[in-house]
A.B. asks: 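This is the structure, below, for whatever I ask next.
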Amino acid sequence: MIEEKSLNFLEEIVENDLSSGKHKSIVTRFPPEPNGYLHMGHAKSICLNFGLALKYGGYTNLRFDDTNPITEDTEYVESIKNDVKWLGFQWKNELYASDYFNQLYEFAVKLIKKDLAYVDDSTSEEIAEQKGTPTQPGKNSPFRSRTVDENVKLFEEMKAGKYKDGEKVLRAKIDMGHQNMHMRDPILYRIKHAHHHRTGDKWCIYPMYDFAHGQSDAIEKITHSICTLEFIPHRELYEWFIEKLEIYPSRQYEFARLNMTYTVMSKRKLLQLVNENHVSGWDDPRMPTISAVRRRGYTPESIREFCDKIGVAKRENLIDVGLLEFCVREHLNKIALRRMAVFDPLKIVITNYPEGKTEILSGENNPEDENSGSREIPFSRELYIEQEDFMEVAPKKFFRLAPGQMVRLKYAYIIRCDSFVKDANGGITELHCTYIPESRSGSDTSGISVKGTLHWVSAQHAVTIETRLYDRLFKAEDLSQAEGDFKEHINPDSLLVVPKVYAEPELLKAKGEERYQFLRKGYFCLDPDSKDGKLVFNRTVTLKDMWAKEVKKG
RNA sequence: UGUCCGAUGGUGUAACUGGCAACACGCCUGAUUUUGAUUCAGGAAAGUCCAGGUUCGAGCCCUGGUCGGACAACCA
């Protein structure tokens with residue numbers, strides 16, 4: 001009997017609506033504006049909206065909120081669809097707010113005829129002036145008292161293209177003294193002689209968010225319209241339109257957006273990073289966009305798991321990026337193929353191993369997965385190990401190589417370090433070791449047990465690859481609290497390219513969809529920049545490293 | 001000076017709707033280990049923003065504060 005997982009507040013609402021009979025099934029929607037790439041915050045929203053419908057047997061529409069032709073583009077539409085699919089969700093209908101432009105126009109006319117909307121000739125400055133402030137009431141526009149007929153005619157003319165951008169707007173007639181700023185005669189339509197990615201040049205007036213979103217929800221009979229906290233003040237207006245237009249009463253619910261440590265999660269800021277070349281693009285693996293984490297090697301499973309773990313509530317939060325890393329390690333540990341690669345080579349010569357001899361050893365692809373099989377690894381007299389795996393004078397708890405010390409070479413033999421060679425600067429250039437022939441992996445009769453196991457690569461057989469190691473994009477943990485402009489906190493060392501890493505030859509067969517664990521180094525995946533003869537790997541995340549922590553402690 | 005949201009270990013989310021605060025990440029110990037990974041066992045860590053009140057009993061209810069956030073784009 002598994003204890004039932006407690007519900008988040010949205011699931012509670014849905015369950016109540018279902019059990020009370022308010023709804024027989026639910027309909028949600030994911031409503032991105034196609035003006036940027038999706039990020040992890042959107043992933044949270046996607047998992048929520050699609051997850052709810054999946055759990056309670058409803059469906060989810062993908063609806064592009066494309067009411068501002070100036071900033072929107074089909075490039076973004078395509079990336080968004082791609083990202084949602086990649087995350088593993090399937091929408092019922094692909095819809096666009098622009099599909100409803102005719103209907104929205106009729107809604108506007110209806111409001112005008114009910115004397116609940118009017119055409120205003122005020123400039124945007126004047127309208128801002130009329131709005132007042134959160135603590136001071138606004139004042140009526142001088143155009144507020146136009147007759148219904150006049151408004152109908154003017155609005156038609158706006159639609160017909162008689163006026164220039166900004167010359168007129170359509171506003172709701174509510175209450176300029178309202179406590180809620182959004183109820184102070186909000187703008188419904190504005191004039192933009194702009195080409196729309198879907199409707200082309202058909203329209204020169206476009207509805208504002210508030211006059212498009214809720215109505216689109218109603219048209220689609222969305223039962224639960226879920227958005228982020230900053231839309232709370234819009235809810236009153238959302239419901240005002242439902243009442244006055246007498247349309248399907250979708251209900252809006254708000255949850256706290258995702259914030260993560262060491263990064264920013266706003267499209268505006270991410271766009272800035274892209275435009276100002278602080279990153280190579282929207283899918284630069286250091287970005288928190290979905291396309292970037294995908295390129296970096298994160299799996300959809302791990303992101304869904306992450307979204308599940310962070311929960312949903314109404315209080316502001318700052319999630320430790322370490323939790324995301326935990327989720328991806330957890331998944332990658334189960335599926336990644338193990339490979340060996342040496343980043344900072346130190347040559348070792350096995351002095352008692354025959355020159356010219358090559359042995360083919362076998363290494364399991366994944367100890368976590370019995371069905372993953374094994375691959376062949378060449379072993380020979382000259383090998384590379386990591387520089388950091390040798391110390392001339394080793395502390396007692398150093399289980400790696402040092403003069404006289406023994407280690408196991410993974411999948412191979414136990415070796416002992418006999419001597420080392422130094423260059424003029426005192427740097428270690430070469431180790432001379434002897435191997436224990438009867439310690440061969442899988443048939444070890446030596447009876448020797450060692451504390452350390454090293455990864456290695458045969459010098460003669462190694463292939464070289466490029467690797468890109470990523471660190472956090474920002475140095476500040478909480479960018480919302482950090483002083484000054486967010487870009488002042490960019491981490492200059494967030495990308496480290498290692499142009500030449502020595503890898504076991506099996507890696508030549510690497511495939512883009514595959515995930516790899518470079519033993520003791522982390523999880524990696526092939527980057528699309530790879531070409532024949534030059535493979536590039538991204539480090540998704542490091543392995544947990546207790547030893548590094550130990551060393552730090554001193 | 002207004003209105004609206006919110007407040008539980010370091011972080012995030014719970015608490016059967018009033019019954020002596022749980023789970024996850026992180027942290028610390030130890031065991032296992034041919035990855036100092038994984039796995040396993042254990043531990044530290046909040047008395048629930050504050051002050052009153054109701055109650056046999058309050059993180060949950062009431063009152064008043066405090067703190068944090070949102071709201072004044074022809075953006076969404």
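In the text below, chain A, chain B and the rest are named by the order of the sequence lines, each starting its count at 1.
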A.B. asks: Enumerate donor-acceptor pairs with a distance under 3.5 Å from any side-chain N or O in residues 181-189 of chain A to protein atoms, sequence neighbours excluded.
C.D. replies:
{"residue": "Arg184(A)", "atom": "NE", "partner": "Lys131(A)", "partner atom": "O", "Å": "2.9"}
{"residue": "Arg184(A)", "atom": "NH1", "partner": "His178(A)", "partner atom": "O", "Å": "2.4"}
{"residue": "Arg184(A)", "atom": "NH2", "partner": "Lys131(A)", "partner atom": "O", "Å": "3.1"}
{"residue": "Arg184(A)", "atom": "NH2", "partner": "Thr133(A)", "partner atom": "O", "Å": "2.6"}
{"residue": "Arg184(A)", "atom": "NH2", "partner": "Gln136(A)", "partner atom": "O", "Å": "2.8"}
{"residue": "Asp185(A)", "atom": "OD1", "partner": "Arg144(A)", "partner atom": "NH2", "Å": "3.2"}
{"residue": "Asp185(A)", "atom": "OD1", "partner": "Ile174(A)", "partner atom": "N", "Å": "2.7"}
{"residue": "Asp185(A)", "atom": "OD1", "partner": "Asp175(A)", "partner atom": "N", "Å": "3.4"}
{"residue": "Asp185(A)", "atom": "OD2", "partner": "Tyr118(A)", "partner atom": "OH", "Å": "2.6"}
{"residue": "Asp185(A)", "atom": "OD2", "partner": "Arg144(A)", "partner atom": "NE", "Å": "2.7"}
{"residue": "Asp185(A)", "atom": "OD2", "partner": "Arg144(A)", "partner atom": "NH2", "Å": "3.4"}
{"residue": "Tyr189(A)", "atom": "OH", "partner": "Tyr105(A)", "partner atom": "N", "Å": "3.2"}

A.B. asks: Between the base of rU1(B) and the side chain of Gln136(A), is there a donor-acceptor distance below 3.5 Å?
C.D. replies: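 In this structure, the two groups form no donor-acceptor pair.
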A.B. asks: Below 3.5 Å is the cut-off: list the nitrogen or oxygen pairs between protein and nucleotides 8-13 of chain B, distance only.
C.D. replies:
{"residue": "rU8(B)", "atom": "O4", "partner": "Arg315(A)", "partner atom": "NH2", "Å": "3.4"}
{"residue": "rU11(B)", "atom": "O3'", "partner": "Leu318(A)", "partner atom": "O", "Å": "3.3"}
{"residue": "rU11(B)", "atom": "O2'", "partner": "Leu318(A)", "partner atom": "O", "Å": "3.1"}
{"residue": "rG12(B)", "atom": "OP1", "partner": "Leu318(A)", "partner atom": "N", "Å": "3.0"}
{"residue": "rG12(B)", "atom": "O2'", "partner": "Ile310(A)", "partner atom": "O", "Å": "2.8"}
{"residue": "rU13(B)", "atom": "OP2", "partner": "Arg315(A)", "partner atom": "NH1", "Å": "2.7"}

A.B. asks: With sequence neighbours excluded, tell me which residues meet ring pair (Phe, Tyr, Trp, His ring centres under 6.0 Å) with Phe537(A).
C.D. replies: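 So Phe537(A) forms a ring pair (Phe, Tyr, Trp, His ring centres under 6.0 Å) with Phe518(A).
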A.B. asks: Can you name the residues that form a ring pair (Phe, Tyr, Trp, His ring centres under 6.0 Å) with Phe326(A), not counting sequence neighbours?
C.D. replies: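 Here no residue qualifies.
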A.B. asks: Where does rU33(B) land, syn or anti, once you apply the within-90°-of-0 test for syn?
C.D. replies: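 The base of rU33(B) is oriented anti (glycosidic angle more than 90° from 0).
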A.B. asks: Between Arg329(A) and rA37(B), is there a contact of a side-chain N or O with OP1 or OP2 at under 4.0 Å?
C.D. replies: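 No, Arg329(A) has no side-chain N/O under 4.0 Å of OP1/OP2 on rA37(B).
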A.B. asks: Can you tell me how far C1' in rG57(B) sits from the matching atom in rC20(B), rounded to whole Å?
C.D. replies: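 Nearest-Å result for rG57(B) against rC20(B) at atom C1': 9 Å.
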A.B. asks: Under 3.5 Å between N/O atoms: give me all the protein pairs with nucleotides 42-44 of chain B, atom names plus distance.
C.D. replies:
none

A.B. asks: Can you confirm if the aromatic rings of Phe231(A) and Tyr238(A) lie within a centre distance of less than 6.0 Å?
C.D. replies: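 No, the ring of Tyr238(A) stays outside the 6.0 Å limit from the ring of Phe231(A), centre to centre.
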A.B. asks: Which stems, defined as runs of 3 or more consecutive Watson-Crick or G-U wobble pairs with both pairing distances under 3.5 Å, involve RNA chain B?
C.D. replies: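 When the pairs of RNA chain B are grouped into runs of at least three, the stems are B:2-7 with B:66-71, B:10-13 with B:22-25, B:27-31 with B:39-43, B:49-53 with B:61-65.
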A.B. asks: Detail all sub-3.5 Å separations between protein N/O atoms and N/O atoms belonging to nucleotides 73-75 of chain B.
C.D. replies:
{"residue": "rC74(B)", "atom": "N4", "partner": "Ser122(A)", "partner atom": "O", "Å": "3.2"}
{"residue": "rC74(B)", "atom": "N4", "partner": "Ser124(A)", "partner atom": "N", "Å": "3.4"}
{"residue": "rC74(B)", "atom": "N4", "partner": "Gly166(A)", "partner atom": "O", "Å": "2.9"}
{"residue": "rC75(B)", "atom": "OP2", "partner": "Arg190(A)", "partner atom": "NE", "Å": "3.2"}
{"residue": "rC75(B)", "atom": "OP2", "partner": "Arg190(A)", "partner atom": "NH2", "Å": "2.7"}
{"residue": "rC75(B)", "atom": "OP2", "partner": "Lys192(A)", "partner atom": "NZ", "Å": "3.2"}
{"residue": "rC75(B)", "atom": "O3'", "partner": "Arg190(A)", "partner atom": "NH2", "Å": "3.2"}
{"residue": "rC75(B)", "atom": "O2'", "partner": "Asn68(A)", "partner atom": "ND2", "Å": "3.3"}

A.B. asks: Report each atom pair, protein N/O against N/O of nucleotides 27-30 of chain B, whose distance is under 3.5 angstrom.
C.D. replies:
{"residue": "rC27(B)", "atom": "OP1", "partner": "Lys549(A)", "partner atom": "NZ", "Å": "2.3"}

A.B. asks: Please list, chain by chain and in numerical order, all residues satisfying salt bridge (charged side-chain N to carboxylate O under 4.0 Å, His left out) with Lys269(A), sequence neighbours excluded.
C.D. replies: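 With sequence neighbours excluded, Lys269(A) shows a salt bridge (charged side-chain N to carboxylate O under 4.0 Å, His left out) to no residue whatsoever.
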A.B. asks: State the syn/anti category of rG26(B) according to its glycosidic angle, syn meaning within 90° of 0.
C.D. replies: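 Glycosidic conformation of rG26(B): anti.
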A.B. asks: Can a donor-acceptor pair under 3.5 Å be found between the side-chain atoms of His234(A) and the base atoms of rA76(B)?
C.D. replies: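 Yes, a donor-acceptor pair under 3.5 Å.
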A.B. asks: Tyr253(A): which residues meet the ring pair (Phe, Tyr, Trp, His ring centres under 6.0 Å) condition with it, sequence neighbours left out?
C.D. replies: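 Partners of Tyr253(A) under the ring pair (Phe, Tyr, Trp, His ring centres under 6.0 Å) test: His224(A).
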A.B. asks: Provide a list of protein-nucleic acid N or O atom pairs under 3.5 angstrom, restricted to nucleotides 31-33 of chain B.
C.D. replies:
none

A.B. asks: Going by ring pair (Phe, Tyr, Trp, His ring centres under 6.0 Å), name the residues that satisfy it together with Tyr384(A), two or more places apart in sequence or in a different chain.
C.D. replies: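 Here the qualifying residues are Tyr502(A).
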A.B. asks: Taking atom types as they are modelled, is there a donor-acceptor pair under 3.5 Å from the base of rU34(B) to the side chain of Arg408(A)?
C.D. replies: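 Flag set: donor-acceptor pair detected.
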A.B. asks: Taking the six-membered ring of Phe343(A) as reference, does the NZ or CZ atom of Lys521(A) fall below 6.0 Å from its centre and within a 45° cone about the axis?
C.D. replies: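 Yes; both conditions hold, so Lys521(A) lies above the ring face of Phe343(A).
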